[in-house]
Amino acid sequence: MRAELIPVSRDLYSVSERLKEIDERYELFYNVRLGRYEIYASGALQLTVPRGELDARVLARVRETRIERAEKVLDE
């Protein structure tokens with residue numbers, strides 16, 4: 001990973017742990033340069049966290065945008 005990315009393993013709402021329940025490959029990082037949280041899977045950026053808020057909305061958005069739902073997301 002790049003130097004500007006700090007791994008987040010503990011947070012107030014356990015988002016980093018709950019991401020692993022959705023997919024073991026998910027990793028949460030804080031991007032110092034851009035001032036935001038980012039979710040990666042297998043080293044590839046999957047999602048940026050809007051407004052820097054780590055809460056249940058992040059988990060809901062991750063579930064909404066998973067590849068298994070790609071067709072439905074495109075229809076929406």
Side-chain angles (χ1 to χ4, degrees):
M1 283 286 147
R2 297 174 294 203
E4 68 263 11
L5 296 179
I6 299 172
V8 178
S9 58
R10 294 180 184 254
D11 56 271
L12 180 62
Y13 298 111
S14 302
V15 171
S16 59
E17 294 171 19
R18 293 164 67 188
L19 284 170
K20 296 280 186 192
E21 293 172 4
I22 298 170
D23 189 322
E24 282 291 320
R25 297 173 300 155
Y26 285 150
E27 296 178 278
L28 180 63
F29 291 90
Y30 183 75
N31 187 319
V32 176
R33 187 171 58 83
L34 298 176
R36 67 183 186 194
Y37 291 97
E38 300 175 342
I39 299 168
Y40 286 78
S42 302
L45 179 63
Q46 303 296 307
L47 186 79
T48 60
V49 178
R51 298 173 302 281
E53 299 171 2
L54 287 179
D55 55 26
R57 292 174 291 186
V58 172
L59 299 168
R61 184 68 179 151
V62 167
R63 286 187 187 99
E64 285 175 6
T65 58
R66 291 199 29 98
I67 193 70
E68 292 86 2
R69 296 193 67 247
E71 189 172 320
K72 183 170 179 147
V73 169
L74 290 173
D75 288 344
E76 291 174 0

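In what follows, every heavy atom counts, from backbone to side chain, and hydrogens, waters and symmetry copies are set aside.
- Here the closest heavy-atom approach between residue Ser16 and residue Leu28 is recorded as CB-CD2, 4.0 Å.
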- side-chain contact (heavy atoms from CB on, under 4.5 Å) between Glu27 and Lys20, worked out: CA-CA 8 Å; Glu27 296 178 278; Lys20 296 280 186 192; 3.9 Å; yes
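- Among all heavy-atom pairs drawn from Gln46 and Tyr40, the shortest one is CG-C, 3.9 Å.
- Between Glu64 and Arg61 there is a salt bridge, since at least one side-chain N of the basic residue sits less than 4.0 Å from a carboxylate O of the acidic one.
- Note: the hydrophobic cluster containing Ile22 does not contain Phe29 (ILVMFWY, side chain heavy atoms under 4.5 Å, direct or indirect links).
- Closest heavy-atom contact between Ala41 and Tyr26: CB-CD2, 3.9 Å.
- Residue Glu24 holds its CD atom at 11.5 Å from OG of Ser42, rounded to the nearest 0.5 Å.
- With values rounded to the nearest 0.5 angstrom, Arg18 atom CZ is found 7.0 Å from Arg63 atom CZ.
- Leu19 and Tyr13 end up in the same hydrophobic cluster when Ile, Leu, Val, Met, Phe, Trp and Tyr side chains are linked at under 4.5 Å.
- When all heavy atoms of Glu38 and Leu45 are compared, the closest pair comes out as CB-CD1, 3.6 Å.
- The distance from atom CD1 of Ile39 to atom CG of Asp23, rounded to the nearest 0.5 Å, is 11.0 Å.
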- side-chain contact (heavy atoms from CB on, under 4.5 Å) between Leu12 and Leu54, worked out: CA-CA 8 Å; Leu12 180 62; Leu54 287 179; over 6 Å; no
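- Atom OG of Ser14 and atom CG of Asp55 lie 12.5 Å apart (nearest 0.5 Å).
- Just one of Val58, Val8, Val49, Val62 meets the side chain to side chain contact (heavy atoms under 4.5 Å, CB included) condition when paired with Val15; it is Val58.
- Here Leu59 contributes atom CG and Glu21 contributes atom CD; the two are 8.5 Å apart, rounded to the nearest 0.5 Å.
- Distance check: Leu5 CG to Tyr30 OH gives 11.5 Å after rounding to the nearest 0.5 Å.
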